[in-house]
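Right, one structure below, let's go through it.
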Amino acid sequence: MTSDFYKYTTFRLWLIAGIFCCSLPAWAQGGGANIDKIIAKVDNYILLKSELEANYMQMMSSGKSNVTKCQVLESLLINKLLLAKAEIDSVTVNEKLVDSQLDRRMQYMISQFGDEQELIKAYGKTADQLKNELRKSVREQMIEEEMQKKITEGIKITPREVNKFYEAIPKDSIPFLPTEVEVGQIVKIAQVSKEQKALVKAKLTDIRQRIKEGGEDFGELAKTHSEDYASGKQGGNLGWSKRGMMVAEFEATAMKLKPGELSQVIESEYGFHLIQLIEKRGSEFNARHILLRPNYNEVDLSEVTHYLDSIRTRIVNDSITFEKAAKEYSDDKPTSANGGLISSPDGGSKLMLDGSMDNSLYFTIDTMTVGSISKPLTYRTDDGKNAMRILYYKTKIAPHYASIKDDYQKIYSAALRQKKETLLEKWFDKTKTEVYIDIDKEFSDCNVLGAQ
């Protein structure tokens, strides 16, 4: 199969933007019931017209105005094909990872609207309703990614192949890259007060007493009170876990319990837990919990501001390098391990100084000079915690045509993606004959998936 979807994907798109291929729930893009009908089936998976419209509008709003609905339709059908084959091949994802990704997505959406109440007002649905609808989309996207990994596992690319890929690009098609920057950050998360923690712990202790002394049902209390909404709906049940799957504090406590026994209230990075062991076999355990969190929006930022100010002073006075300070003091683990540098989508450290950059970062960098370090700035982590950070404007690279010397990481990533896509195309061509595919006559002119 030589898919039009891949044909339109120029080197510039690969290098800068990549392909938008993840379907979003229609409500997230304002999809309406008036366009909602089934337009395609791939085995047990259906594609709604609202999904196509939502994803097409997403492409348009992200600047890819040359993309057609037929191309978007094909990309969505390929996603459904991945899901159908994953079901046949028993490819699954860990539900705890789904919950973690779902929490991050929800926190991101909340941050875009300012707070949870504004999000609820915008969509006319409760946070739980939004989360339930988003969960299916998140889970399917993760399965699609897992299936693609399975198909392309072991694919590697050599420096010679990277050079060959670059040399094959017509000279007039080599992309002109916008200004790029390298930016580092040191993040400190504001801690909730002892008083706030005590209130949460007291509430969870009271729940423990209601179970232990009052005979109330753990599962029902989890459904009512737990702030781990996904497991809460299951009575707090987290399913079977192997060693290393849970945070250390949780795992150590659960493994010490006897079946049916309640833990004391324990604290982890996620909040406070009340744990009940259901069953244990060797190094695996099945437990349920009730999670309560302090209100991370009501924290005092003055202490972390002062702390970052002192670190900044040490860096400015050459008492410590920014890279070393980031590794030793930053609460953001991914950038801390990288000396504070914020990674780009291709895994490198050069960020495009354009509309693709996070707005708060873009406007801050725009006021700084290369080599400078910002004053402490307010920051919200991916999981919704209030924090402060200082930014280091390390380097600035002027606009230029992509070259092996200056942009090897980008070209390497593009060449590797192309190699994987070649393998995926062969896989699609073979697999489309193994599953049932039916496409509405309305889209017969699209000629998707090689004219099914």
Side-chain angles (χ1 to χ4, degrees), residues 15-18 104 107-108 111-112 177-191 269 296 299 301-400 402-414:
L15 197 61
I16 299 175
R104 283 197 289 272
Q107 288 299 334
Y108 174 78
S111 70
Q112 295 302 294
L177 300 179
T179 301
E180 296 177 302
V181 295
E182 287 186 303
V183 183
Q185 66 176 9
I186 297 176
V187 177
K188 292 304 293 182
I189 297 171
Q191 300 299 311
E269 61 188 272
Y296 290 103
V299 292
L301 294 170
S302 60
E303 186 175 338
V304 290
T305 299
H306 177 73
Y307 186 83
L308 285 175
D309 254 330
S310 65
I311 292 175
R312 180 181 184 276
T313 299
R314 291 178 61 194
I315 297 169
V316 170
N317 292 338
D318 293 328
S319 297
I320 188 172
T321 64
F322 185 92
E323 290 76 9
K324 185 176 181 181
K327 288 179 179 179
E328 290 186 10
Y329 304 118
S330 181
D331 289 337
D332 185 70
K333 294 177 183 177
T335 54
S336 172
N338 197 31
L341 289 179
I342 300 171
S343 296
S344 59
D346 61 25
S349 61
K350 296 176 182 176
L351 307 173
M352 299 287 186
L353 191 62
D354 59 11
S356 66
M357 180 179 282
D358 173 74
N359 283 340
S360 62
L361 184 60
Y362 178 87
F363 289 116
T364 301
I365 291 299
D366 197 45
T367 65
M368 296 175 64
T369 57
V370 175
S372 64
I373 299 174
S374 73
K375 295 284 187 180
L377 304 163
T378 56
Y379 179 63
R380 194 174 182 89
T381 63
D382 289 341
D383 58 355
K385 293 180 181 177
N386 282 333
M388 300 292 292
R389 68 176 174 179
I390 53 176
L391 296 174
Y392 170 41
Y393 193 169
K394 185 177 181 181
T395 57
K396 181 177 182 179
I397 301 97
H400 61 283
S403 69
I404 285 286
K405 178 183 176 183
D406 298 324
D407 306 289
Y408 185 84
Q409 183 61 45
K410 286 185 176 63
I411 297 167
Y412 170 90
S413 297

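- A donor-acceptor pair is defined here as one N or O able to donate and one able to accept, closer than 3.5 Å; no such pair exists between the side chain of T369 and the backbone of S372.
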Would you mind writing out the side-chain donor-acceptor pairs for residues 303-313 within the sub-3.5 Å range, not counting sequence neighbours?
residue: T305; atom: OG1; partner: L301; partner atom: O; Å: 2.7
residue: S310; atom: OG; partner: Y307; partner atom: O; Å: 2.5
residue: R312; atom: NE; partner: I373; partner atom: O; Å: 3.0
residue: R312; atom: NE; partner: S374; partner atom: O; Å: 3.0
residue: R312; atom: NH2; partner: I373; partner atom: O; Å: 2.9
residue: T313; atom: OG1; partner: D309; partner atom: O; Å: 2.9

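- Put simply, the side chain of L177 does not reach to within 4.5 Å of the side chain of K350, judged on heavy atoms.
- Taking each heavy atom of S330 and Q185 in turn, the nearest pair found is OG-O, 4.2 Å.
- Between the CD1 atom of I186 and the CD atom of E328 there is a distance of 10.0 Å, given to the nearest 0.5 Å.
- The distance from the CG atom of L377 to the CD1 atom of I390 is 9.0 Å, given to the nearest 0.5 Å.
- Screening residues 177-188 for salt bridge (charged side-chain N to carboxylate O under 4.0 Å, His left out) gives E180-K410, K188-D331 as the qualifying pairs, with residues at least two apart or on separate chains.
- With rounding to the nearest 0.5 Å, the separation of CD1 in I411 from OG in S403 is 6.0 Å.
- Distance check: N338 CG to S349 OG gives 7.0 Å after rounding to the nearest 0.5 Å.
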Let me check something: any side-chain donor-acceptor pairs from residues 359-366 under 3.5 Å, sequence neighbours excluded? List them with distances.
residue: S360; atom: OG; partner: D358; partner atom: OD2; Å: 2.4
residue: T364; atom: OG1; partner: S360; partner atom: O; Å: 2.8

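- In this structure, CG on L351 lies 13.5 Å from NZ on K396, to the nearest 0.5 angstrom.
- Residues meeting the side-chain contact (heavy atoms from CB on, under 4.5 Å) test with Q191, sequence neighbours left out: I189.
- When all heavy atoms of Y329 and I320 are compared, the closest pair comes out as CE1-CD1, 4.0 Å.
- K394 places none of its side-chain heavy atoms less than 4.5 Å from the side chain of F322.
- Judged by distance alone, the side chain of T179 and the main-chain N or O of A398 form no donor-acceptor pair under 3.5 Å.
- With sequence neighbours left out, E323 forms a salt bridge (Lys or Arg N to Asp or Glu O under 4.0 Å) with no residue at all.
- Using a 4.5 Å heavy-atom cutoff, the side chains of D406 and I397 are not in contact.
- Residues that satisfy the salt bridge (Lys or Arg N to Asp or Glu O under 4.0 Å) test with D332, not counting sequence neighbours, are absent from this structure.
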